[in-house]
Number of protein chains: 2
Amino acid sequence: MLYAGFMSAALPPFPKPEETVGPPELLRLGTGFEEDEPCLRADAARNRARLLEAAARLVAEHGAAAVTMEAVAAAASVGKGTVFRRFGDRTGLLMALLDHSEKKFQAALLSGPPPLGPGAPPVERLRAFGCAMLRRSVDELELQLAAEPSAERRYTSPPRRFLRGHVALLLRQAAPDADSELLSHTLLAYLDAALVHHLTAQCGVPPERLRDGWLDLVARVTRTECPD
Amino acid sequence: MLYAGFMSAALPPFPKPEETVGPPELLRLGTGFEEDEPCLRADAARNRARLLEAAARLVAEHGAAAVTMEAVAAAASVGKGTVFRRFGDRTGLLMALLDHSEKKFQAALLSGPPPLGPGAPPVERLRAFGCAMLRRSVDELELQLAAEPSAERRYTSPPRRFLRGHVALLLRQAAPDADSELLSHTLLAYLDAALVHHLTAQCGVPPERLRDGWLDLVARVTRTECPD
DNA sequence: AATTAAACGGACCTCGGTCCGGATTCGTAA
DNA sequence: TTACGAATCCGGACCGAGGTCCGTTTAATT
């Protein structure tokens with residue numbers, strides 16, 4: 001899974017949890033998933049699979065809160081240290097559980113059918129992007145919340161960087177005179193899992209209102225009309 | 001400090017850390033600081049002061065990361081349980097450290113001189129609000145980051161609710177046709193301490209650019225012109 | 001002085017995260 | 001094919017910090 005850099009602060013424990021070693025590639029705007037399992041040793045790969053399976057089972061049966069590092073290790077018949085070596089920390093494990101859907105989503109953005117994928121006008125793609133994100137948030141809310149990194153790393157996790165880059169790209173076309181970097185952060189914040197959870201679960205805001213809010217936000221930010 | 005409800009999930013440990021008992025007041029849009037120390041017993045009040053002083057000293061001397069509950073308790077010559085009874089949890093303690101500046105800021109919004117306080121047109125107040133928040137973030141960045149609540153409570157902490165209410169109020173005037181509730185979340189997200197830290201410290205974005213970004217965001221959201 | 005509600009304190013628990021001695025795997029060469 | 005050495009991985013003991021519990025102490029009240 002690699003997630004190059006997002007857990008780089010945890011150097012001491014182990015050499016490093018699955019690192020990308022490739023060329024600089026500073027501009028390659030990767031998906032955050034390049035070279036996922038570089039070349040794991042047989043037992044390591046086996047244990048990795050076991051751990052993911054065990055973690056997924058725990059989530060399904062007892063909720064994300066039950067995903068304790070020790071519990072996962074035990075359920076996978078593996079030592080606790082192995083879990084940390086493989087995934088770095090709890091957040092890393094949880095994010096690994098989201099990798100599959102993440103990859104699919106990224107693929108849909110990069111090469112899927114319009115309006116989510118390329119081919120539609122930028123503003124339309126932005127609208128579709130937000131709606132898709134909101135749908136995703138509703139589905140995987142629990143995991144997304146549990147997998148949220150600490151404040152320092154929140155904005156540096158590869159998946160997030162990718163999404164931000166995507167939004168910034170669309171924004172550059174849809175609102176050329178804006179600071180698309182900063183504005184992309186703002187737009188993404190509207191789709192934040194924690195916020196969506198707060199609004200829907202705690203405030204009783206219906207999903208349609210959230211969707212309308214997104215469409216209106218996009219319209220205002222791009223200074224276009226809201227198709228309603 | 002009361003923070004009614006934001007640490008209500010921690011019921012079992014102690015009766016409750018300083019709760020607000022007053023009337024419903026659902027609509028009173030409080031500042032989040034009503035009735036701060038209801039009527040603490042003498043020893044309790046003394047220990048509370050000691051603890052805050054000790055915590056502040058630790059922050060000043062060794063940074064927010066050194067503010068361990070045990071360390072604070074020891075530095076204040078108090079039992080560990082006392083810290084938790086008084087402040088609920090670590091976040092509560094850290095937020096209490098920010099109370100002073102928080103109150104001052106709220107007062108400035110409610111009754112200070114324009115354009116921050118009442119008297120200026122809403123859009124202008126919004127602009128001033130963002131700039132003030134950004135300044136605040138730069139000053140108290142470390143504490144603000146450390147005091148950030150977990151994802152579930154992030155949007156329910158009284159200070160946050162107040163700020164959101166304030167922005168929503170201004171927004172209702174400046175952009176009457178928008179969903180000011182949702183939009184206020186978006187605007188506030190731009191000023192989030194973690195984001196500001198990421199952009200300035202990790203991305204090297206200069207403060208002026210952040211400020212310009214805010215002014216532009218306000219202009220777009222309210223569909224006005226950017227005064228630049 | 002007696003009573004009672006509140007506060008105290010520190011032992012205790014859980015869980016994330018670390019460390020390191022020992023076991024496995026894999027490439028290499030006889 | 002087997003032997004062997006090095007790199008990698010394993011596992012669970014260990015640590016620190018947040019959070020809890022409950023028997024004891026102390027401040028307010030009458």
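Here is how names work: the chains are called A, B, and so on, in the same order as the sequence lines, proteins then strands, and each is numbered from 1. Everything numeric here is computed off the predicted structure, so don't read it as measured data.
A/R85 has no side-chain polar atom (N or O) that falls below the 4.0 Å cut-off from OP1 or OP2 of D/dC9. The phosphate of C/dA7 has neither OP1 nor OP2 within less than 4.0 Å of any side-chain N or O from B/N47.
Atom CD in B/E70 sits roughly 10 Å away from atom P in D/dG16 (whole-Å rounding). Atoms CG (A/L94) and P (C/dG16) sit 10 Å apart, rounded to a whole Å. The CG atom of B/L93 sits 14 Å away from the C1' atom of D/dA17 (whole-angstrom rounding). Residue B/F87 contributes atom CZ, which lies 20 Å from atom P of D/dA17 at whole-angstrom precision. Between the CZ atom of A/F84 and the P atom of D/dC15 there is a distance of 17 Å, given to the nearest Å. Between B/R86 atom CZ and D/dG19 atom C1' there is a gap of 17 Å when expressed in whole angstrom units. Across the protein-nucleic acid pair, B/K80 atom NZ and C/dC8 atom C1' stand 15 Å apart, rounded to whole Å.
Using modelled atom types and a 3.5 Å distance limit, the side chains of A/E140 and A/S101 yield a donor-acceptor pair. When only modelled atom types and interatomic distance are considered, B/E152 and B/S150 share a side-chain donor-acceptor pair under 3.5 Å.
We find that B/E102 and B/R160 are not joined by a salt bridge, their nearest charged nitrogen and carboxylate oxygen being 4.0 Å or further apart. Salt bridge status for A/R209 with B/E181: absent, with no side-chain N to carboxylate O gap under 4.0 Å. Contact check on B/R153 versus B/D89 returns a salt bridge, with a Lys/Arg side-chain nitrogen under 4.0 Å from an Asp/Glu carboxylate oxygen.
Nucleotides of DNA chain D nearest to A/S77 and B/V67 differ in position, and the one nearer the 5' end is that of A/S77.
Listed candidates were C/dA7, D/dC10, C/dG9. Nearest to the side chain of B/T82 is C/dG9. In this structure, the nucleotide among D/dG18, C/dG17, D/dG11 sitting nearest to the side chain of B/M69 is D/dG18.
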So if I define the base as every atom that isn't primed, P, OP1 or OP2, how would nucleotides 24-30 of chain D read as a B/S/- string at a heavy-atom cutoff under 4.0 Å? --BSS--

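Side chain of B/Q144 to backbone of B/S137: no donor-acceptor contact under 3.5 angstrom is found. A distance-only check finds a donor-acceptor pair linking the side chain of B/W214 to the backbone of B/L126 [under 3.5 Å].
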